[in-house]
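The shown structure was predicted, so the numbers you read here are calculated from the model rather than taken from an experiment. We use all heavy atoms of the structure for the numbers below, so side chains are in, but hydrogens, waters and symmetry mates are not.
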Amino acid sequence: MSLFQLILVALIQGLTEFLPVSSSGHLILLPSLTGMQDQGQAIDVAVHIGTLFAVILFFWADVRIAAGGMGRLVRGKVDTQGARLAFHLAIATIPVVIFGLILKLTGIDALLRSVALIGWTMLIFGLVLYWVDQKGATMKTAPDWSTKDAFIMGLWQAIALIPGTSRSGATISGARQLGYAREDAAKLSMLMSIPTIIASGAVLGADVLGTADMQLAKDSAIAAAFAFVAALLALSLMMRLLKSVSFTPYVIYRVFLGIALLAFAYS
């Protein structure tokens with residue numbers, strides 16, 4: 001793989017992982033529309049690691065609180081802020097792990113990579129995001145996150161395993177539908193990404209374990225570094241913009257891209 005494509009894949013993953021526009025959809029479209037070589041699972045793992053470190057760094061204060069509560073959670077106690085946050089993150093991750101394993105073991109995941117499907121999911125779930133963002137109340141904040149809300153958002157996250165849906169877009173839609181303010185919806189979505197990225201990275205990593213060589217290790221390091229920087233910039237931009245604007249700009253992008261992909265797929 002050329003250095004240009006390596007950096008391009010890393011930037012696409014980094015910039016789109018946390019924006020509600022579907023990173024998986026964009027990465028599938030890259031070789032489908034350009035004829036470029038598929039980056040392979042090892043690079044997928046690398047760019048996911050890069051984005052993982054970015055979100056951990058950006059939300060370090062919350063991550064530290066959750067990590068501090070893990071000890072009490074392991075002992076069966078959910079009586080502190082950290083333990084509750086860790087518990088709710090675990091609850092929110094269960095649906096995506098179960099659904100992800102079903103897709104992988106049945107081989108259905110390999111069938112969900114068509115341009116037409118991504119076009120439809122990009123369009124439909126973009127409109128869903130617009131609807132719930134405009135109609136959703138703003139009566140809840142991140143500290144109000146309950147076990148029930150965590151599970152419901154986890155179901156939205158599981159749906160996002162369909163390429164083009166967008167993990168962040170789906171979970172933000174779920175949070176807005178539940179009444180969380182925009183910034184808090186985005187924050188909860190980003191925190192939910194941490195155990196999800198770890199889980200998906202572990203599955204992908206197991207598939208490529210033992211096949212890496214020195215060149216692939218170098219390529220992976222470059223990809224992870226660029227994905228880290230791009231993800232950190234995307235996170236900073238989105239969280240800053242949400243102080244003054246809605247999710248509508250992302251919806252507009254999704255709608256136009258979805259229509260373009262459908263025109264391409266059915267032409």
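Asp184 pairs by the salt bridge (charged side-chain N to carboxylate O under 4.0 Å, His left out) definition with nothing, not counting sequence neighbours. Here Ser246 pairs with Thr248 under the side-chain hydrogen bond (donor to acceptor under 3.5 Å, both in side chains) rule; sequence neighbours left out. Remark: Ser267 pairs with no residue by the side-chain contact (heavy atoms from CB on, under 4.5 Å) rule, at least two apart or across chains. With sequence neighbours excluded, the residues forming a side-chain contact (heavy atoms from CB on, under 4.5 Å) with Leu73 are Met70, Val78, Ala86, Phe87, listed by chain and number. Not counting sequence neighbours, the partners of Thr147 by the side-chain hydrogen bond (donor to acceptor under 3.5 Å, both in side chains) test are His88. Shown here are the side-chain contact (heavy atoms from CB on, under 4.5 Å) partners of Gln177, two or more places apart in sequence or in another chain: Val132. Listed by chain and number, the residues in a side-chain hydrogen bond (donor to acceptor under 3.5 Å, both in side chains) with Lys243 are Glu183 (sequence neighbours excluded).
For the pair Ser189 (side chain) and Ala185 (backbone), a donor-acceptor distance under 3.5 Å is absent. Put simply, the side chain of Thr80 never gets that close to the backbone of Gly69: no donor and acceptor are under 3.5 Å apart.
The stretch residues 73-92 participates, sequence neighbours left out, in these salt bridge (Lys or Arg N to Asp or Glu O under 4.0 Å) pairs: Arg72-Asp79. Here salt bridge (Lys or Arg N to Asp or Glu O under 4.0 Å) pairs that include residues 49-70, with residues two or more places apart or in two chains, are Asp62-Lys187.
Residues Leu101 and Ile98 form no side-chain contact, since every pair of their non-hydrogen atoms from C-beta on lies 4.5 Å or further apart. Thr51 has its side chain out of reach of Val55: every pair of non-hydrogen atoms, C-beta onward, lies at least 4.5 Å apart. A heavy-atom distance below 4.5 Å is not found between the side chains of Phe125 and Ser166. When side chains are defined from C-beta on, Arg182 does not count as touching Thr138, because their heavy atoms never get closer than 4.5 Å. Counting heavy atoms from C-beta outward, Leu188 and Thr171 have side chains that stay 4.5 Å or more apart. Counting heavy atoms from C-beta outward, Arg254 and Phe247 have side chains that stay 4.5 Å or more apart. You'll find the side chain of Glu17 stays beyond 4.5 Å of the side chain of Ser168, heavy atoms only. You'll find the side chain of Ser220 stays beyond 4.5 Å of the side chain of Val45, heavy atoms only.
The hydrophobic clustering, which links ILVMFWY residues whose side-chain heavy atoms are closer than 4.5 Å, places Val47 and Leu216 together. When hydrophobic clusters are built by joining Ile, Leu, Val, Met, Phe, Trp and Tyr residues whose side-chain heavy atoms come closer than 4.5 Å, directly or via intermediates, Leu178 is grouped together with Val128.
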Show me the donor-acceptor pairs, under 3.5 Å and distance only, between side chains in residues 110-124 and residues at least two apart or in other chains.
residue	atom	partner	partner atom	Å
Ser114	OG	Leu117	N	3.1
Trp120	NE1	Tyr266	OH	3.1
Thr121	OG1	Leu117	O	3.0
Thr121	OG1	Ile118	O	3.1
Thr121	OG1	Pro163	O	2.8

Show me the side-chain donor-acceptor pairs of residues 150-157 shorter than 3.5 Å, one per line, residues at least two apart or across chains.
residue	atom	partner	partner atom	Å
Gln157	OE1	Arg167	NH1	2.9
Gln157	OE1	Thr196	OG1	3.1
Gln157	NE2	Ala92	O	3.3
Gln157	NE2	Thr196	OG1	3.1

Indicate every side-chain donor-acceptor pair of residues 223-242 with a distance under 3.5 Å to a residue at least two apart or in another chain.
residue	atom	partner	partner atom	Å
Ser236	OG	Leu232	O	2.9

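For the atom pair CG (Leu191) and CZ (Phe58), the distance works out to 10.5 Å, reported to the nearest 0.5 Å. Note that the CD1 atom of Ile56 and the OG atom of Ser193 stand 8.5 Å from one another [nearest 0.5 Å]. Here Ile108 contributes atom CD1 and Ile102 contributes atom CD1; the two are 8.5 Å apart, rounded to the nearest 0.5 Å.
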Hey, mind stepping through Ile94 and Ile91 against side chain to side chain contact (heavy atoms under 4.5 Å, CB included) and telling me if it holds? CA-CA 6 Å; Ile94 292 173; Ile91 291 296; 4.2 Å; yes
Test side chain to side chain contact (heavy atoms under 4.5 Å, CB included) on Leu3 and Asp219; report intermediate values, then the result. CA-CA 8 Å; Leu3 180 61; Asp219 289 348; over 6 Å; no
Determine, step by step, whether Asp144 and Met139 satisfy the side chain to side chain contact (heavy atoms under 4.5 Å, CB included) criterion, reporting the C-alpha distance in whole Å, the side-chain angles of both residues, the deciding distance to 0.1 Å, and the verdict. CA-CA 10 Å; Asp144 298 320; Met139 59 201 180; over 6 Å; no
Dump the intermediate steps for side chain to side chain contact (heavy atoms under 4.5 Å, CB included) on Trp145 and Leu89, then the final yes or no. CA-CA 10 Å; Trp145 206 29; Leu89 288 173; 3.9 Å; yes
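The shortest non-hydrogen separation linking Ser24 to Gly164 is OG-N, 4.1 Å.
In summary, Asp109 and Lys104 do not engage in a salt bridge, as defined by a charged side-chain N under 4.0 Å from a carboxylate O.
Atom CD of Gln134 sits in a crowded spot, with more than 12 heavy atoms from other residues, nucleotides or ligands closer than 6.0 Å. Remark: Tyr130 OH is loosely packed, at most 12 non-hydrogen atoms of other residues, nucleotides or ligands lying under 6.0 Å away.
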